[in-house]
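Proteins get letters first, then strands, A, B, ... in listed order; numbering begins at 1 in each.
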Amino acid sequence: MTTREIDGIRLEQVREYVWEIPQEGEMRVPARVLASEALLDEIGDDKTLQQLKNATHLPGMTDHAICMPDGHQGYGFPVGGVGATDAENGCISPGAVGYDINCGVRMMRTNLTYDDVQGREEELVEALFANVPSGLGGGGVVDGDKETIEGVLERGVDWALEAGWAVPADLEHCEDEGRRPDADPSAVSQKAKDRGKNQLGSLGSGNHFLEIQRVTDTYRDDVADAYGLEPDQIVVLIHCGSRGLGHQTCTDYLRKIEKEHGDLLDSLPDKELAAAPAGSELAEAYYGAMCACINFAWVNRQLIMHRVRQVFARVFDRSWESMDMHLLYDVAHNIAKKEVHEVGVDPEGRPIGGGDAADREERELYVHRKGATRAFPAGHPEVPAAYRDVGQPIIIPGSMGAGSYVLRGGESSLDLTFGSTAHGAGRLMSRTQAKQEFWGETVQDELREQNQVYVKAQSGATVAEEAPGVYKDVDEVVRVSDALDIGDKVARTYPVCNIKG
DNA sequence: ATGTAC
């Protein structure tokens with residue numbers, strides 16, 4: 001058996017692309033890293049593996065804590081991490097969801113081709129930049145009063161439909177039809193609502209962006225057909241989250257949980273993993289608040305998408321419907337969700353990890369996906385009807401120099417990863433280091449001259465932080481996902497125009 | 001990720 005030791009952590013190779021950190025000490029389950037040797041080397045460069053090991057200490061963990069091929073260090077719990085805890089006897093951890101609740105990506109199709117936009121990149125990038133709010137701070141496409149924010153938190157994209165910012169087909173092509181029913185707006189603090197109310201329909205900063213892309217390749221033609229994708233087609237990618245509202249909600253509940261559940265906190269190897277025991281008042285409140293933030297982020301992406309339709313209609317002087325600008329799908333990267341999965345159990349029926357399980361039984365779990373994407377296969381009842389025969393679409397954004405992928409949920413995802421796969425290329429270096437290595441203006445010029453990619457950003461520093469060189473190889477990440485059959489390649493895209501904070 | 005810190 002191949003073994004590796006990285007910073008004192010021993011990994012055993014279970015099979016190709018599957019590495020296991022065996023259970024020892026206070027670990028409740030083993031941990032697994034899904035990676036090629038090259039990606040494992042990069043994952044081992046920061047605290048990711050220690051954080052993954054720490055995550056196995058959370059009460060109620062089932063089967064394995066998992067790190068995706070794009071994993072890197074995060075707050076307490078790795079970005080690219082999946083951890084499923086028993087929803088009855090386990091816990092829920094805000095750090096295992098992330099600060100940017102329902103940070104995610106949606107892709108909108110068009111019937112335009114690269115020929116239609118080539119030569120008009122400048123015009124498009126300027127029009128989008130002028131009409132889609134971006135950067136830190138306030139200002140969104142709609143002004144949210146008290147009633148608006150409550151409606152958004154409670155009803156998600158249903159609110160957008162009522163307000164004229166969505167069409168019914170948008171709901172049909174979004175997880176949960178764009179509305180998480182467990183949302184509890186009363187569990188979201190006034191401070192969080194105040195931060196969010198003037199950020200409805202705004203990109204934010206950091207790695208968030210809006211990109212016009214062209215499809216360069218398709219791989220599984222039956223699935224590509226079902227998704228309405230073909231080479232040379234123009235698509236639009238929107239990557240953003242729940243802005244200050246989700247961030248404040250995470251902060252609020254981390255503080256409350258640290259204070260109320262200090263005993264549980266003391267049993268964990270890292271304070272940043274703070275968790276509320278399943279069934280406690282704070283677990284319920286956090287779940288309700290997080291679901292409300294999920295609704296907010298879905299509306300955020302919906303408003304931006306609809307604004308992009310309006311911009312295209314103006315630039316191309318025709319209706320957005322005539323350009324077939326329909327939502328392909330919207331995926332969440334940072335959420336915990338109650339889902340039923342088969343997990344290993346001991347003879348008394350309690351969830352247990354690794355090879356010690358006597359049997360496997362269905363359990364309701366909090367599936368924490370932090371920088372990881374749901375990847376349900378064909379036939380799963382939660383996959384929208386339009387895609388149920390082929391599996392759910394998965395959108396993997398790469399860097400602005402490398403392009404992105406569309407995958408479909410693979411047949412092995414339910415067995416290997418609680419129905420999950422990677423979420424992007426994954427960072428190779430910190431933002432601070434990126435700013436030492438790159439200069440925004442230079443990055444921008446090179447992308448334009450060498451790659452014909454037009455970038456416009458509020459801040460040059462953001463361009464440096466997001467330079468193509470700060471990301472892992474998205475082709476390699478996707479190759480591992482495809483080889484493990486957790487998310488299978490359907491299409492590859494390449495950037496045309498990119499706007500960001 | 002983020003009114004880039006209580």
Side-chain angles (χ1 to χ4, degrees), chain A residues 46-48 51 70-81 93-106 133-140 144 149 188-210 238-256 258-259 271-272 274 289-290 293-294 296-298 300-301 304 331-336 368-373 397 399 423-436 440 457-466 470-471 500-501:
Chain A
D46 57 23
K47 293 182 184 141
T48 312
Q51 290 187 332
D70 56 338
H72 60 94
Q73 178 183 329
Y75 178 88
F77 190 97
V79 175
S93 170
V97 170
Y99 270 93
D100 190 5
I101 296 166
N102 194 9
C103 172
V105 191
R106 64 169 54 195
S134 65
L136 285 170
I149 193 82
V188 177
S189 71
Q190 192 54 50
K191 192 175 178 184
K193 289 171 184 170
D194 286 343
R195 284 181 69 174
K197 71 183 175 196
N198 64 346
Q199 299 183 325
L200 267 168
S202 65
L203 279 173
S205 185
N207 63 352
H208 291 163
F209 63 83
L210 161 60
I238 296 162
H239 180 195
C240 60
S242 52
R243 304 292 328 275
L245 178 120
H247 191 273
Q248 187 63 48
T249 300
C250 183
T251 304
D252 289 342
Y253 279 95
L254 279 171
R255 286 201 188 129
K256 286 185 190 183
E258 283 165 10
K259 210 170 147 191
K271 182 170 174 278
E272 296 182 355
M290 181 197 55
C293 294
I294 289 173
F296 181 96
W298 275 332
N300 193 25
R301 293 195 282 276
I304 293 168
V331 297
H333 287 165
N334 283 15
I335 61 164
H368 300 74
R369 295 189 183 91
K370 178 184 184 181
T373 310
S399 75
H423 84 306
R427 293 194 82 84
L428 272 176
M429 62 180 84
S430 70
R431 294 178 205 285
T432 317
Q433 196 187 339
K435 279 183 282 196
Q436 289 162 0
Q458 297 281 356
S459 151
T462 306
V463 180
E465 288 171 5
E466 296 301 313
V470 316
Y471 282 99
K500 55 180 35 333

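- A:S205 comes within contact range of the sugar-phosphate backbone alone, with a heavy-atom separation under 4.0 Å but no base atom that close.
- Of the possible polar contacts, one joining the A:K370 side chain to the A:G95 backbone as a donor-acceptor pair under 3.5 Å is found.
- Side chain of A:N334 to backbone of A:G371: a donor-acceptor contact under 3.5 angstrom is found.
- Put simply, CD on A:E466 is 11 Å from P on B:dT2, counting in whole angstrom units.
- Proximity of residues 426-436 of chain A to DNA chain B (heavy atom under 4.0 angstrom from any strand atom) is restricted to A:R431.
- The CD-P distance, from A:E465 to B:dT2, rounds to 11 Å in whole Å.
- A perpendicular orientation is assigned to the rings of A:H333 and A:H423, their planes being inclined by more than 60° (bins at 30° and 60°).
- The nearest whole Å value for the distance from the NZ atom in A:K191 to the C1' atom in B:dT2 is 12 Å.
- As rounded to whole Å, 11 Å separates atom P of B:dA5 from atom CG of A:L136.
- Counting to the nearest Å, the P atom of B:dT2 and the CG atom of A:D194 are 18 Å from each other.
- Atom C1' of nucleotide B:dT2 and atom CD1 of A:I101 are separated by 12 Å, given to the nearest angstrom.
- A:G241 comes within 4.0 angstrom of no nucleic acid atom, judged by non-hydrogen atoms across all strands.
- Between the OH atom of A:Y253 and the P atom of B:dT2 there is a distance of 21 Å, rounded to whole Å.
- Formation of a donor-acceptor pair under 3.5 Å by the A:H239 side chain with backbone atoms of A:P397 is not found in this model.
- Shown are A:Y253, A:F296, A:Y99; of these, the ring-ring contact (aromatic ring centres under 6.0 Å, His included) with A:H247 is made only by A:Y99.
- Atom NE2 of A:H247 is separated from atom C1' of B:dT4 by 8 Å (rounded to the nearest Å).
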Notebook entry, point to check: Can A:L136 and A:Q458 be said to form a side-chain contact (heavy atoms from CB on, under 4.5 Å), step by step?
Noted result: CA-CA 9 Å; A:L136 285 170; A:Q458 297 281 356; over 6 Å; no

